[in-house]
Amino acid sequence: MCGIFGCILRTGEAASTIHEGLKKLEYRGYDSVGIATLQGSQLFIKKDSGKIDSVHAIHNLEALPGRLGIGHTRWATHGAPYKENAHPHTDCNNQVAVVHNGIIENFAELKTELEESGHVFRSKTDTEVIPHLIEEKLKEGLSLVDAVREAVKRLEGSYAIAVISVKEPNRIICARKESPLVLGIADDSLYVASDIPAFLSKTNKSVIVQDGELVVLSDKGYEIRNVIDWKLVTREPEVIDWAPEMAAKQGYPHFMLKEIHEQPLRLRDTLRLQDKYLELMTTFLDRAGEVFLVACGTSYHACLAASYLFSKLSFLATHPVIASEFVEQHGKSVNIDSLLLVVSQSGETADTLDAVESARLRAATILGLTNVVGSTLTRVARVYIVQQSGPEIGVAATKTFTSQLSVLSQLAIRLAKKRGKVSHVEIEELEENLERIPDIVEGIISGSEEKVKQLAKKYRDRCCFFFLGRGMGSAVAQEGKLKLMEISYIPSLAYPAGESKHGPISLIESGFPVVFVCPKDSTHKSIIGNIMEMKARGASIIAIIEKGDEEIKKLADDYIEIDTKLPEVLSPIPFVIPLQLLAYYMALERKCDPDMPRNLAKSVTVK
Ligand code: F6R
């Protein structure tokens with residue numbers, strides 16, 4: 001997730017406006033920053049790695065001439081956060097400059113093709129194929145607009161781009177597929193950005209660019225066309241009445257809620273990982289003598305779910321381990337045949353890195369799954385995958401958890417395929433179902449939010465909660481408990497439901513809330529038994545169920561029904577959504593700040 005910005009001013013210098021706009025987009029990423037402007041037929045570029053303020057302190061980003069330009073603040077996906085990977089990227093002759101937010105899935109094929117026809121690449125990014133594709137089309141004699149149109153037709157994946165060129169120095173061409181892009185319309189200036197706050201101090205009139213559209217900004221105004229049929233699109237600007245604070249959160253009251261709602265988008269991005277890294281990791285997993293899944297907190301819950309996935313799908317036994325216990329528990333036995341699949345959103349968690357260090361000293365193989373390119377985990381791992389969630393600002397992990405689950409599911413499915421443990425038909429079904437998950441999650445958020453709000457009102461004064469699940473549902477129960485506890489400060493417990501009768505059930509008395517995670521899988525009958533046990537002792541049962549689960553509806557005091565129709569191994573992603581919402585609305589009911597829970601930090605870099 002990166003931030004892009006562009007503007008055409010009637011008077012004044014564009015660079016200072018772009019700098020200001022990028023500052024508003026810095027929440028989208030801050031690995032590097034760059035600005036390109038045009039004056040006459042000359043292109044000027046400044047870019048470097050680092051946060052906007054530090055790059056500005058060195059290079060003075062505002063010292064670029066021209067009243068038209070584009071800029072970018074980067075969240076690294078392809079290519080480390082170095083200067084040469086910073087946007088804008090240019091073609092071979094520095095005539096075209098491009099900023100991009102998104103992931104070009106077929107960049108490797110396009111790059112090979114372009115290199116074969118003589119193009120020289122300077123970065124490791126997927127983005128750089130775009131200016132070279134445009135250059136090719138310009139060479140064929142196309143106008144800039146047509147060249148951009150033809151180039152985007154070749155792109156697979158997601159993108160919001162802004163393009164300028166010395167060939168037509170009075171225009172910015174933009175296009176969008178799946179990554180956000182909005183226009184800002186003022187009397188004497190035009191803006192394009194990833195997000196409205198970037199230009200809100202200049203104008204409150206905005207046009208949302210839709211998927212598959214290309215926009216030409218010029219002194220004459222803006223023109224939107226459909227890339228495929230080239231039909232003109234007429235769309236009047238809307239007036240945006242957000243306060244600046246709300247704008248950064250895109251109108252949501254908290255980052256946590258914004259990030260919960262962002263999950264369908266992020267899950268789609270997570271399905272666009274580079275094949276070669278998934279394949280490489282699968283090979284390492286297949287060959288390892290023993291596999292540990294190592295992480296803390298929410299990332300550990302993703303590991304817990306993954307241990308079921310690897311076992312059920314790939315017939316691989318794995319050991320999920322809480323990172324802070326790893327050295328004590330396994331430090332002496334780890335050896336050259338051991339493999340650690342280490343999961344850390346930040347890639348900087350001290351306990352996790354400590355486990356990695358001790359295992360590395362004993363020659364174990366380290367694989368990393370993280371959200372932050374350039375983090376310590378990416379430097380120490382033999383192979384790493386970046387989960388593509390974009391920056392998570394709310395302290396409680398939400399979108400990064402579901403993205404982790406998606407990547408781990410992809411790995412388990414690949415490993416199953418490699419090992420020939422699951423039929424081709426089943427693999428295809430699983431892959432199709434993974435593709436459906438973003439839409440399913442969208443439906444769950446919109447379908448359950450109101451009901452969850454009511455539940456939060458009803459249960460807000462309870463002093464303790466129980467979360468129970470079986471099989472993969474027990475990992476979801478753990479995560480539901482952590483979310484509720486950490487942001488609304490209600491002491492909570494989670495157990496595999498079968499274990500609850502070996503002690504914890506003694507807590508139950510009339511009205512004690514017990515949240516059950518109930519996918520319709522092989523554990524369904526047993527979970528009904530556990531519900532009965534709790535009910536018989538007066539517990540209030542809150543069940544997360546599959547749509548149409550009449551049996552549990554009859555038993556539960558309250559239920560959230562979700563429509564998934566997914567195979568059991570893919571159930572954790574949809575089932576955790578209502579629990580994230582429950583934690584959020586419970587925090588609001590109890591007047592707690594969900595974005596900044598007390599005593600917690602987003603990245604725990606102390607042991
Ligand atoms: C809970 C939460 C924490 C983190 C944990 C590990 O909402 O965010 O439990 O999951 O601190 O952090 P990473 O994944 O960055 O290693």
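Just so it is clear, the values below take in all heavy atoms, side chains as well, and ignore hydrogens, waters and symmetry mates. Both ligands and their constituent atoms are indexed starting at 1 by order of listing. Keep in mind it's a predicted model, so treat the numbers as computed, not measured.
The closest approach between any non-hydrogen atom of E348 and ligand 1 is not below 4.0 Å.
The N/O atoms of Q404, backbone and side chain alike, include none that comes under 3.5 Å of an N/O atom in ligand 1. Between E486 and ligand 1, an N or O atom pair is found at a separation short of 3.5 Å. For the pair A396 and ligand 1, the shortest N or O to N or O distance does not fall below 3.5 Å.
Counting only non-hydrogen atoms, the option in G297, S346, C296 that gets closest to atom 6 (C) of ligand 1 is C296. For the residues N371, T370, V342, T298, the heavy atom positioned nearest atom 1 (C) of ligand 1 is part of T298.
Note that the CD atom of Q410 and the CG atom of D275 stand 9.5 Å from one another [nearest 0.5 Å].
Residues meeting the salt bridge (Lys or Arg N to Asp or Glu O under 4.0 Å) test with E84, sequence neighbours left out: none.
A donor-acceptor contact closer than 3.5 angstrom is absent between the side chains of K483 and T398.
Neither the backbone nor the side chain of T400 comes within contact range of ligand 1; no heavy atom lies under 4.0 Å.
Taking the ring centre of Y30 as origin, the terminal cationic atom of K51 falls inside the region bounded by 6.0 Å and 45° from the ring axis. The cationic atom of K453 (NZ for Lys, CZ for Arg) does not lie both less than 6.0 Å from the six-membered ring centre of Y584 and within 45° of the ring axis. Geometrically, R419 does not engage F315 in a cation-pi contact defined by less than 6.0 Å to the ring centre and at most 45° from the axis.
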